[in-house]
Structures are given as C-alpha cells and as structure tokens.
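Proteins get letters first, then strands, A, B, ... in listed order; numbering begins at 1 in each.
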2 protein chains.
Amino acid sequence: MTKKSPSPEAIAAWARLVRVSRQLVERTEDALKANGLPPLAWYDVLHELAEAGEGGLRPFELIDRVLLAQYGVSRLLARLEADGLVEKLPVSDDGRGQTVRITASGREMRRRIWAVYGACIADRMGDRLSAQDLKTLASLLGRLRDPPASD
Amino acid sequence: MTKKSPSPEAIAAWARLVRVSRQLVERTEDALKANGLPPLAWYDVLHELAEAGEGGLRPFELIDRVLLAQYGVSRLLARLEADGLVEKLPVSDDGRGQTVRITASGREMRRRIWAVYGACIADRMGDRLSAQDLKTLASLLGRLRDPPASD
DNA sequence: TCCCTATCGATGCAATTGCATCTATATGGA
DNA sequence: TCCATATAGATGCAATTGCATCGATAGGGA
C-alpha cells in the first residue's frame with residue numbers, strides 16, 4: 001500500500017490553518033477567562049439551544065453541531081443545568097431521552113459571552129480581512145469540510 | 001466601554017475556520033491512533049528537532065514553535081525521552097537548561113508518523129483545492145496571524 | 001561580594017477529558 | 001409475546017491538562 005504525499009502548497013496551507021486557528025481559539029479562551037466567563041464550548045451549546053427555540057434540542061442532536069463527544073455533551077449539559085443555564089425536560093414519546101431548553105439566565109449568559117467573543121472575532125478577523133476576502137476564505141474552507149457540502 | 005460587533009462575513013469565516021480545522025485535526029488524530037501512532041504533538045516536536053539538526057533545541061525554544069505551554073513541553077519531552085525518541089544534554093554555559101536532540105529512533109518515528117499524517121494532508125487539502133487556491137488560503141490565513149507577519 | 005529579580009525547567013494537585021461500559025428504553029423480527 | 005439488537009444518555013476509572021508553585025541558576029546593580 002503506497003501512501004500519498006502532499007504537495008508543498010498543501011503542507012503550507014495545512015500548517016497555517018492549524019496554527020492560526022489554534023492561536024485564535026486560544027486567545028479567545030483567554031479573553032473569556034480574563035472576563036470570568038466560561039469556555040467557548042458553553043457558548044456553542046447555548047447558541048444552538050437559543051436558535052432551537054422553545055422546542056429545545058435532544059442531547060444527541062447537539063453532538064454533531066458542537067463537535068463534542070457524546071460524554072462531553074452529557075457532562076457539559078450537566079454543568080449548564082447545575083448553573084441554571086439550561087433545563088432538562090422528559091420527552092413524551094421516548095422514555096430514554098430528554099429535551100434540553102435554554103433558560104432566561106442561559107440567554108443572559110450567552111449575551112455576556114458574546115460581548116467578549118464577538119469582539120474577539122471582530123478584532124481578529126473582521127479588522128484584518130475585507131468582506132470580500134472573508135467570503136473567499138469561508139468558501140475555500142467550505143471545500144475542506146467533511147462531508148463535502150455545497151457553498 | 002463599547003464592544004465591537006463582528007460583521008456577518010467575519011462570523012461566517014470564523015465559524016468555518018474553527019469547525020473545519022477542528023475536524024481536520026481530529027480526523028488526523030484518529031488516523032494516527034488507528035495506526036498505533038502517538039498524537040500530532042509528538043510529530044510537531046520531532047519535526048522541529050529534526051530541522052534543528054545536531055545542535056538540538058532548548059525546551060523553551062520549542063514552546064512558541066509548537067504552541068504548547070511550558071509544562072506541556074516539559075512533560076512531552078519527558079515522554080519522548082522515556083521512549084528513546086529524544087535525548088537531553090546538559091548545556092555548558094547555562095546550568096539551568098538543557099539541550100534536546102532527536103535520536104535515530106526519533107527520526108524513524110517521525111517518518112512513520114509522517115506516512116499517515118502526510119497522507120491525511122494530501123487527502124484533506126491537496127486533493128480538494130488547487131495549488132493556486134491553497135496559496136490563496138495560506139495567504140489569507142497568514143493575515144490572521146498574531147503578531148501580523150509578512151507573506 | 002551580596003542581594004534582588006528574572007528565567008529555565010519540573011511537579012503536586014485539581015479539573016478536565018477519553019475510553020469503556022452500564023442502565024434503560026425502543027425497535028424489529030420470530 | 002418474547003427475545004435480540006440498537007439507541008439515548010450517564011458514569012467509573014485512567015490519562016491528560018491546567019494552574020500554581022517550586023528549586024536552581026543567571027544576571028545585574030549597590
């Protein structure tokens with residue numbers, strides 16, 4: 001079995017992608033910590049739940065949306081619930097499952113996190129690339145997704 | 001104090017960037033694990049040390065190159081040494097420090113990891129974007145680096 | 001020379017994460 | 001109906017990571 005070898009351009013782009021994204025995420029996490037706010041993962045979940053509305057979401061639906069393992073979601077939801085940011089409701093037609101809904105304080109926390117998170121995005125992306133470049137970037141990245149989806 | 005708000009384009013590009021890079025890295029880690037190989041961080045360190053040549057590197061020089069915390073480097077080097085992949089040498093003009101050099105088995109391990117890692121890069125980047133697009137991507141990402149550097 | 005401070009690297013301890021497995025309910029076929 | 005298998009979610013335990021701090025040497029003034 002012969003392994004493929006990546007082109008120099010592919011290697012360079014890969015290295016940039018991995019380094020830059022790690023830096024961006026790390027600095028954003030630092031900013032959140034510095035403001036006494038929880039990690040980005042909390043925002044991701046609160047965001048998904050806010051978008052989902054009153055109906056809420058099942059935990060398993062969160063797995064792919066926030067790119068977390070099943071046990072990661074389970075434990076994160078337990079913490080969010082302990083902090084009163086979400087509530088778990090039994091679901092009528094499936095005794096195994098539950099529905100998770102964001103609470104008022106959950107929405108408030110989401111807002112507070114976004115104040116810092118959004119500013120980081122503006123600083124680190126919006127201020128550095130034009131709208132056109134941002135679109136180009138998003139489009140190129142879109143082609144790297146798995147599974148490949150339309151743009 | 002008024003916080004900045006990011007543009008929709010900035011948000012979209014950010015989301016893509018973070019998601020895509022996480023997916024890519026995770027799948028690569030999975031491929032390594034599936035082949036009984038150590039994590040990507042090991043490759044990063046072995047790669048830097050291989051590039052550094054006979055002179056080796058001081059641990060603190062690795063910190064910024066591999067984007068690891070000081071204690072992360074310390075512990076990773078301890079494991080690499082325990083596995084015989086690197087060796088630590090006292091450094092003459094600084095009694096606090098040491099020089100770390102890659103060993104022959106370290107180079108061999110690097111090769112084995114690259115066989116899988118390189119194939120992942122080829123599959124996930126090289127096969128999906130043209131050389132020109134890869135250059136564009138790398139250039140756009142380069143403008144997001146901190147501190148900003150030339151391209 | 002003697003401190004005072006800075007830097008290098010390691011580590012104890014707590015928190016988090018990953019892996020494997022568990023319980024409970026659901027589903028589908030004999 | 002009964003059983004075998006699949007799915008939802010939780011969790012015990014081990015490994016990893018983060019935080020704070022430590023011990024040791026360097027360097028730089030007074």
Inset, instruction - Please state how far atom CG in B:L76 lies from atom P in D:dA15, giving the value in whole angstrom units. - result: 17 Å
Inset, instruction - Produce a footprint string for nucleotides 18-28 of chain D: one letter per nucleotide, 5' end first; B if the base is under 4.0 Å from any protein heavy atom, S if only the sugar-phosphate is, - if neither. - result: BB----BBS--
Legend entry - Atom-pair distance (CD1 on B:I63; P on C:dG9), nearest Å: 7 Å
Legend entry - Short side-chain N/O contact to C:dA10 OP1/OP2 from B:K88, under 4.0 Å: yes
Inset, instruction - Calculate the interatomic distance between A:Q98 atom CD and C:dT23 atom P; express it in whole Å. - result: 19 Å
Inset, instruction - Just jot down the salt bridge (charged side-chain N to carboxylate O under 4.0 Å, His left out) partners of B:E48, sequence neighbours excluded, or say none. - result: B:R65
Legend entry - Separation of atom CG in A:L40 from atom P in C:dT16, rounded to whole Å: 15 Å
Inset, instruction - Please collect all ring pair (Phe, Tyr, Trp, His ring centres under 6.0 Å) contacts where either partner lies in residues 102-147 of chain A, sequence neighbours excluded, each pair once. - result: A:Y43-A:W114, A:Y43-A:Y117, A:W114-A:Y117, A:Y117-B:W14
Legend entry - Residue pair A:S21 / A:V18: nearest heavy atoms and the distance that separates them: OG-O, 3.3 Å
Inset, instruction - Mind checking the CZ-CG spacing from A:R22 to B:L68? Nearest 0.5 Å is all I need. - result: 6.5 Å
Inset, instruction - Any ring pair (Phe, Tyr, Trp, His ring centres under 6.0 Å) involving residues 125-148 of chain A? Give me the pairs, sequence neighbours left out, ordered by first then second residue. - result: none
Inset, instruction - Among residues two or more places apart or on two chains, list those pairs meeting ring pair (Phe, Tyr, Trp, His ring centres under 6.0 Å) that have a residue in residues 58-83 of chain A. - result: none
Inset, instruction - List in numerical order all residues of residues 20-27 of chain A for which some heavy atom is under 4.0 Å away from an atom belonging to DNA chain C. - result: none
Inset, instruction - Please indicate whether B:R112 has more than 12 foreign heavy atoms, meaning atoms of other residues, nucleotides or ligands, lying under 6.0 Å from its CZ. - result: no
Legend entry - Length of the CZ-P vector between A:R58 and D:dA10, whole Å: 11 Å
Legend entry - Gap between atoms CG and C1', on B:L68 and C:dC8 respectively (whole Å): 16 Å
Legend entry - For atom CG of A:L67 and atom C1' of C:dT17, their distance in whole Å: 16 Å
Inset, instruction - Report the distance from atom CG of A:N35 to atom CG of A:D30, rounding to the nearest 0.5 Å. - result: 11.0 Å
Inset, instruction - Determine whether more than 12 heavy atoms belonging to other residues, nucleotides or ligands lie under 6.0 Å from atom NZ of B:K88. - result: yes
Inset, instruction - To the nearest Å, give me how far apart CG (A:L77) and P (C:dT16) are. - result: 15 Å
Inset, instruction - Determine: side-chain N/O of A:S74 to OP1/OP2 of D:dA10, distance under 4.0 Å, yes or no. - result: yes
